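To start, the structure under review is shown below, and the notes come after it.
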Amino acid sequence: MIFLSKSGKGLLDDSEREDIARRINILTEQLADVRVNFGFVTDERLIDALIYEENALLCRIESVHREAREQGVTIQPYER
């Protein structure tokens with residue numbers, strides 16, 4: 001679970017911070033699922049698809065992190 005803390009310049013209310021945490025949690029779980037799937041595929045095209053999906057999820061996670069930083073919300077580290 002991701003926990004958020006509000007810095008001094010934050011512009012978000014509690015529900016908006018919880019939404020950011022929820023989105024990061026969902027994306028992180030999806031990323032974990034994609035990474036598990038690498039162990040089950042051998043077809044080159046499927047491996048390419050998983051790599052593409054993994055990279056897309058990493059970009060989406062970074063986007064939510066950037067949004068949080070811009071709003072003054074500090075995100076506690078999580079395991080990748």
Side-chain angles (χ1 to χ4, degrees):
M1 176 106 189
I2 306 299
F3 297 98
L4 301 174
S5 62
K6 184 177 175 187
S7 69
K9 62 180 179 181
L11 304 172
L12 303 177
D13 63 26
D14 288 341
S15 66
E16 292 168 318
R17 288 194 304 278
E18 288 173 9
D19 180 59
I20 289 173
R22 182 189 57 78
R23 288 189 289 155
I24 291 175
N25 285 331
I26 289 169
L27 291 169
T28 302
E29 289 172 9
Q30 290 174 346
L31 180 61
D33 291 343
V34 166
R35 289 179 171 170
V36 165
N37 286 330
F38 276 105
F40 299 110
V41 297
T42 56
D43 183 285
E44 228 175 274
R45 291 172 293 179
L46 292 176
I47 293 170
D48 287 344
L50 287 173
I51 291 169
Y52 179 83
E53 190 172 354
E54 179 183 43
N55 287 331
L57 286 165
L58 289 170
C59 288
R60 291 174 64 196
I61 290 169
E62 179 56 33
S63 176
V64 176
H65 276 255
R66 186 175 26 261
E67 176 186 342
R69 282 192 306 271
E70 288 170 357
Q71 296 297 326
V73 176
T74 303
I75 301 173
Q76 299 301 320
Y78 66 96
E79 284 189 35
R80 285 185 151 201

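These figures come from a predicted structure and were not determined experimentally.
- Looking at residues two or more places apart in sequence or on another chain, you find a salt bridge (charged side-chain N to carboxylate O under 4.0 Å, His left out) between E54 and R35.
- Linking ILVMFWY side-chain heavy atoms closer than 4.5 Å, directly or via other members, places V41 and Y52 in two distinct hydrophobic clusters.
- Within 6.0 Å of CZ on F38 lie more than 12 heavy atoms contributed by other residues, nucleotides or ligands.
- In this structure R22 satisfies the side chain to side chain donor-acceptor pair (under 3.5 Å) test together with D19, sequence neighbours excluded.
- Among V34, I26, T28, the one residue that satisfies the side-chain contact (heavy atoms from CB on, under 4.5 Å) test with Q30 is I26.
- Using a 4.5 Å heavy-atom threshold, the side chains of R23 and E67 count as touching.
- With contacts defined as side-chain heavy-atom distances shorter than 4.5 Å, the pair L57/R60 qualifies.
- Shown here for T42 and I47, the closest heavy-atom pair between the two residues is O-CD1, 3.9 Å.
- Separating the CD1 atom in I20 from the CZ atom in R17 is a distance of 9.0 Å, to the nearest 0.5 Å.
- To the nearest 0.5 angstrom, L27 atom CG is 12.0 Å from E62 atom CD.
- Interatomic distance, CG of L46 versus CD1 of I51, reported as 11.0 Å (0.5 Å rounding).
- With values rounded to the nearest 0.5 angstrom, D48 atom CG is found 13.0 Å from E53 atom CD.
- With a 4.5 Å cut-off between side-chain heavy atoms of Ile, Leu, Val, Met, Phe, Trp and Tyr, the cluster of F40 takes in V36.
- A pairwise comparison of heavy atoms in I61 and L31 identifies CD1-CD2, 4.0 Å as the closest pair.
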